[in-house]
Number of protein chains: 2
Amino acid sequence: MAKNVLPTISFAGLTELLGYQIRQAQTASFRDLAGPFRKLGITPGEFSLLTIIDANMDIRQLDLVRIYGLDKSTLSVAVNRLSDRGMIRRRRLPQDRRNQGLSLTDAGQDLLQTATRIVNDQEDRMKMVISPQELDVLMGALRRIAATLRER
Amino acid sequence: MAKNVLPTISFAGLTELLGYQIRQAQTASFRDLAGPFRKLGITPGEFSLLTIIDANMDIRQLDLVRIYGLDKSTLSVAVNRLSDRGMIRRRRLPQDRRNQGLSLTDAGQDLLQTATRIVNDQEDRMKMVISPQELDVLMGALRRIAATLRER
DNA sequence: TATTGTTATACTCTATAACTATA
DNA sequence: TATAGTTATAGAGTATAACAATA
């Protein structure tokens, strides 16, 4: 009946593409984080948002917009979500009251701490399959690739 | 007035994370493709779909579901879009009429050819900032990282 | 007038659930 | 009953446009 025959799929040149392998690694990373992060109610993007806000007292939304290359409306929505959940505080800055300084609440700091442990655990697992030398190459090469593609 | 002072943003540990750099490279790659691909009316995901269908005569949707780790409904929608545009053909397979074999139309093959040139151009630009040795390390390491994260 | 941010709206991508058809 | 695929629906994530407040 030929029922359990798994078809052999050709990926054509796909697997030889650097862009393809970068994407595969990236989706594997997100899916790996998805489970533990869902319990916390955050996404990888929100983790990085919390990290940057934590490290930059009273950062403005427009600075975050520049960092992420997102539209200001998109960022406003993202900040809303974390703010509604009591993780982020917004305050008008006295120097220029058009700006809103962002900071983490105590609950936000707790959340960040837990999320950071999850991320570090993933990092450890990734580093188990590559050598320290390979790690250096990887970090440098990925940075240069991103930079050159952003140039135009 | 301190108007043109660009604030110095700290990324905390973010830039030392492998997962972060992989994501940065991946979003840079997608954004770089976005412009030329928009003119063709396709996405990077659709490009890879076209490539795999082209290389696998009468492939079934369920095989694609397994490759991509997507839900069958998601894939059905994606195939619909390309089918509505006349790029993909579906035909019931005589061996088992529950299966639909997918193939590219002539227009689909033309589209794939044009998209492939765009992707290859991006690959060339990425390879201009890394050595052949680094390329080897990158491909191998990214493959192993994706594999280990998928294991659980 | 220009800048910072919000809101309404819409589009894409994804999954879940209920369905049809075929086996 | 099980498998392959479709459709309706809903939830993220994103952008555009119109708006409000502040400079």
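Reminder, nothing fancy here: chain letters follow the sequence lines and each chain counts from 1.
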One pair to check against salt bridge (charged side-chain N to carboxylate O under 4.0 Å, His left out): A:Asp32 and A:Arg125. What are the steps and the verdict? CA-CA 11 Å; A:Asp32 177 72; A:Arg125 279 179 291 130; 2.9 Å; yes

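Taking only distance into account, the side chain of A:Ser73 meets the base of D:dT16 through a donor-acceptor pair shorter than 3.5 Å.
Atom CG in A:Leu75 sits about 15 Å away from atom P in D:dT16, given to the nearest Å. One atom, CG of A:Asn99, and another, P of D:dA23, lie 9 Å apart when rounded to the nearest Å.
In this model, the phosphate group of C:dC13 is approached by a side-chain N or O of B:Arg81 to a distance below 4.0 Å at OP1 or OP2. Between A:Gln100 and C:dT6, a side-chain N or O to OP1/OP2 separation shorter than 4.0 Å is present. A sub-4.0 Å separation between OP1 or OP2 of D:dG13 and a side-chain N or O of A:Thr74 is absent. Contact annotation: B:Asn80 side-chain N/O to D:dT7 OP1/OP2 distance is under 4.0 Å. Residue B:Gln95 places none of its side-chain N or O atoms closer than 4.0 Å to OP1 or OP2 of C:dA23.
Each of A:Arg98 and A:Glu46 has a nearest nucleotide on DNA chain D; the 5'-most of these lies closest to A:Glu46. Heavy-atom nearest nucleotides on DNA chain D were determined for B:Val77 and for A:Arg92, and the one closer to the 5' end corresponds to B:Val77. Positionally, the nearest nucleotide of DNA chain C for A:Ile59 lies more toward the 5' end than for the other of A:Arg31 and A:Ile59.
In the set C:dA15, C:dA23, D:dA12, the nucleotide with an atom closest to the side chain of B:Leu70 is C:dA15. The listed nucleotides are C:dA15, D:dT6, C:dT4; the one nearest the side chain of B:Lys72 is D:dT6. Nearest nucleotide to the B:Arg90 side chain, out of D:dA4, D:dT6, D:dA23: D:dT6. Here the side chain of A:Ser76 is nearest to one of C:dT6, D:dA4, C:dT4, namely C:dT6. The listed nucleotides are D:dT6, C:dT6, C:dT4; the one nearest the side chain of A:Arg60 is C:dT4.
The environment of B:Asp106 atom CG is sparse: at most 12 non-hydrogen atoms of other residues, nucleotides or ligands sit within 6.0 angstrom. Residue A:Asp84 places its CG atom among more than 12 non-hydrogen atoms of other residues, nucleotides or ligands, all under 6.0 Å distant.
A:Lys127 and A:Asp124 are not joined by a salt bridge, as no carboxylate oxygen comes within less than 4.0 angstrom of a charged side-chain nitrogen.
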